[in-house]
Each structure stands twice: as C-alpha cells, then as structure tokens.
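What follows is a set of notes on a single structure, which appears directly below.
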Amino acid sequence: MLIKKISDITENEVTDKSLYLSRRDFIKRTTLTSAALAAGFSFIPNAYGGLNIVKKTNMAIGEKVTKEKAAKSYNNFYEFTTDKEDVKKLMENFPTDPWEIEITGLVNKPLKFSIDEVKRFAGTEERIYRLRCVEGWSMVIPWNGFSLSELIKKCEPLSTAKYIQFVTKLNKKHMPGVRSNVLDWPYIEGLRMDEAMNPLAMLVFGMYGDELPNQNGAPVRVILPWKYGFKSIKSIVRIVFTDEQPATSWNIAAPDEYGFYANVNPKVDHPRWSQARERRIGRFGKIDTLPFNGYAEQVANLYKGMDLRRFF
Ligand code: MTE
C-alpha cells in the first residue's frame, strides 16, 4: 500500500470554491490560518474549501475522488429516513449549533468539548479514504479532521478501558426516522481500544475542505476506512470508555448479519449477498473489494490470530 502526501489535488476532481468565498469567510479563514501557524502547523493553502488544511494524505492512490455532489446527496442516516436520496432534504433544519461532545467512563479526565474546541484541538488534516458500504457501494472521499487517538490521549483512559462506545444525538423533534423501529435509538457504535488508537481512525468535522454537511454527519463523526460504512457513526454527542464490548445498533438489530468488527472482507459474505465486489459511485461496472478495504497493511495486525469468519 502506497501512502503519499499530496499538496495538490487535480482540478477536475474538486470544485474551486475560493472563487466565490465571501469577505467574511476570507477574514475567518485568515484568522484561523494565523492560529494554525501559531500552533506550529505548516500551512498548505487549501484550493477549494473553507477549512485550513495543514496536511494532506492520499490513501486511495490512483483512484478518482467521488464527485462532491454525489457524496453529499446519497446518504445513509436512518434517524431521518431509509431513503438515501431524501436524507439531505429532511436534514435541512437539523440544528447542529451549539453542540457538545461529552467524554465519560473509564478515563482520568472526563471532558466536554464544544465543536469549536474540537476543531481547534489538533491541526485539520485531509485524508482521502475509500469508504465501502455494507450494501455494496463505495466512494472515495477527502475527509477533514484528525486521528481519533489525539482526542483519546487527551482524556487519559484508565488501563481498564478496553473499548470505546460512540453515541449519536437523539433529537425526536427533528429526526422523523426515529419513529420507526428499524433500529434501537440512539444510534450507537463501538471499537476495541487498539482499533480506536490506530492512526487511520479519524474524528471528522469536514469533507472536501468544508464543514460537514448535515447529511454526512454534522458537526462531528467518526470515519473508519477499513470497516463497513455503518461503523462510521455520524453526529456524535457522547464517547464512553468501557471495560466490556459495547452494544452496537446494527448488531442489536440483526446479529447474524452485522458483527461488532465489521471489517471489510470480500471472503465473508453477508448472509443475503456477496461482499466480493462493489459498485464505485460515479463509475461503470463493479470492482473487486479488497481485504480491509485496501488498508490491510495498516490494520491487519490488529486481528492477528482471530478467526475473521467468527469475528465478522
Ligand atoms: N450514523 C448514524 N447516526 N445513523 C446512520 O444511519 N449510517 C451509517 C454511517 N453512520 C448511519 C450512521 C452507514 S450505513 C453508512 S454507509 C455511512 O454512515 C454513510 O455515510 P455518508 O452518508 O457520509 O456516506
């Protein structure tokens, strides 16, 4: 697996928004840039968005970035609807400001962060990752945020903390989908501690150089590129450190279909369909799915000795 830093992305793969940035946006960006410089980050001008990206890493070398419009209008967010093309519209009035994330459980330092504090916490990186949905489609997306491990270290987990659980906001007034019992609400997900500490695991508050739009999990979510998309939980409000494997929404709903680990694995089929190939949004035909979604070199050692059919 090639990991290359890139300081540029080809023009046809992105939309240049700098052309129509307002004066207010310009001032905001300039101020943030000074803050990033003061914090010791080298600043790479961002050609196409409103966030100040201090480092870019392409982890989907040779693959075309999915068109921004497609990535922002074909979404899974069951708290709103099961229809991927309706999520965006239904989320237009979803309130994300103010927003706090609470970190509790087996830690020395329980913390509460506002979303602005989260953004200032570490330099914003851009990482181009493949994301493979369990349903058989995939995208290549530039995510903006930083390694989840940065935040975890800050809370000083106790040695007894073996797992970490994430909880999505439950807002019955604005989430029409929670009236259905397709899942237990709030949406919950979890990771083993060493998975959460892996540098690939990302806390994300932007994409394509801009703030996350509501439908993609505003204001903050997790992205785990080696796992099926349902592990990449959106709009989180709570992170809990535990000593036991936490329950997860899809595993509660259908334990035979959605395991706790959910590592992308072309050799282990979903009981109702094959996982060997995938449809890349924006491309014709299908392509082979790679073990761990192509990130085996970075993460396979986390599962050494485990029977991946049993721990699917
Ligand atoms: N997070 C919450 N809270 N609710 C959801 O329904 N869907 C998951 C995941 N995170 C989901 C969620 C699934 S199934 C996928 S494939 C990804 O979000 C989709 O993320 P995207 O819309 O940004 O592509």
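Computation of the quantities below employed the complete heavy-atom set of this structure, encompassing side-chain atoms and omitting hydrogens, waters and symmetry-equivalent molecules. Quantities reported herein were computed from a predicted structural model and do not represent experimental measurements. Atoms within each ligand, like the ligands themselves, are counted from 1 in listed order.
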Nearest to atom 4 (N) of ligand 1, what protein heavy atom do you find, and at what distance?
E79 OE1, 2.8 Å

Under a 4.0 angstrom heavy-atom cut-off, which atoms of ligand 1 come close to T168?
3 (N)

In terms of residue, atom name and distance, what is the protein heavy atom nearest to atom 5 (C) of ligand 1?
Y187 CE1, 3.3 Å

If hydrogens are left out, which of F230, Y74, W137, F77 has an atom nearest to atom 8 (C) of ligand 1, that is, the closest non-hydrogen atom?
F230

Please indicate whether any nitrogen or oxygen in K234 is less than 3.5 Å from any nitrogen or oxygen in ligand 1.
yes

Strictly under 6.0 Å, is that where the ring centroids of Y303 and F292 end up?
yes

With a 6.0 Å cut-off on ring centres, are Y163 and F241 close enough?
no

Is there at least one pair of N or O atoms, one from W143 and one from ligand 1, spaced under 3.5 Å apart?
no

Side chains of R280 and S138: donor-acceptor distance under 3.5 Å anywhere?
yes

Provide, to 0.1 Å, the distance between atom 6 (O) of ligand 1 and the closest protein heavy atom, together with that atom's residue and name.
Y78 N, 2.7 Å

Residue G229 vicinity, atoms of ligand 1 by number, heavy atom under 4.0 Å:
8 (C), 9 (C), 13 (C), 15 (C), 16 (S), 17 (C), 18 (O)

With respect to N216, determine whether any N or O atom, backbone or side chain, lies less than 3.5 Å from an N or O atom of ligand 1.
yes

Quick check, are the ring centers of F80 and F94 under 6.0 angstrom apart?
yes

In this structure, is the centre-to-centre distance between the rings of W250 and Y258 below 6.0 Å?
yes

Within less than 4.0 angstrom of ligand 1, does R221 place any heavy atom?
yes

Nearest-neighbour protein heavy atom for atom 7 (N) of ligand 1, which is reported as residue plus atom name and distance:
N76 O, 3.4 Å

Taking the six-membered ring for Trp, are the ring centroids of F205 and W99 within less than 6.0 Å of each other?
no

Answer yes or no for S232: is there a heavy-atom contact with ligand 1 below 4.0 Å?
yes

Whether over 12 other heavy atoms sit under 6.0 Å from R277 CZ:
yes

Ring centres of F146 and F121 under 6.0 Å apart?
yes

Assert yes or no for the condition that the ring centre distance of W137 to Y74 is strictly below 6.0 Å.
yes

Looking only at protein heavy atoms, identify the closest one to atom 16 (S) of ligand 1 and say how far it is in Å.
C133 SG, 3.2 Å

